[in-house]
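Report on the following structure.
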Amino acid sequence: MPVIAAFPTWAIAAAGHYLHWGVISVSITNLLIVIAMLVLFGLALVVPFPRPRTTADSTVDRAEDGAS
């Protein structure tokens, strides 16, 4: 069985939709993927990493034990 037979015929026959800006041409699907990646990258820069919660008392106890 050929590999192409595993794909639906509408997916192969359908032409993609493109946006044109002068000499730049990009498909709408690729543009949406790039926008999603940029949003995730921006969130990765803004959202802080989770940190263990510490209280002021535990910080004082560590300082008294000599651990830093």
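All residue numbers refer to positions in the sequence shown, counting from 1. Worth knowing before you read on, the calculation uses all heavy atoms, side chains too, and leaves out hydrogens, waters and symmetry mates.
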Among Ile33, Val39, Leu40, exactly one meets side-chain contact (heavy atoms from CB on, under 4.5 Å) together with Met37. Which residue is that?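 Between Met37 and the candidates, side-chain contact (heavy atoms from CB on, under 4.5 Å) is satisfied uniquely by Ile33.
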
Going by side-chain heavy atoms closer than 4.5 Å, which hydrophobic residues are tied to [X], directly or by a chain of links?
X     : value
Val46 : none
Leu38 : Val34
Phe41 : Leu45

Residue pairs passing the side chain to side chain donor-acceptor pair (under 3.5 Å) test where at least one lies in residues 37-46, sequence neighbours excluded: none

Sorted by first residue and then second, give each side chain to side chain donor-acceptor pair (under 3.5 Å) pair with at least one member in residues 29-47; sequence neighbours left out.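 Applying side chain to side chain donor-acceptor pair (under 3.5 Å) to every pair that reaches into residues 29-47, excluding sequence neighbours, yields Ser27-Asn30.
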
By side chain to side chain contact (heavy atoms under 4.5 Å, CB included) - contacts of His20 (at least two apart): Tyr18, Ser25

What's the shortest heavy-atom distance between Leu19 and Leu31, and which atoms? CD1-CD2, 3.5 Å

Please check if Val23 and Trp21 belong to a single hydrophobic cluster, counting links between Ile, Leu, Val, Met, Phe, Trp and Tyr side chain heavy atoms closer than 4.5 Å.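 Same hydrophobic cluster.
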
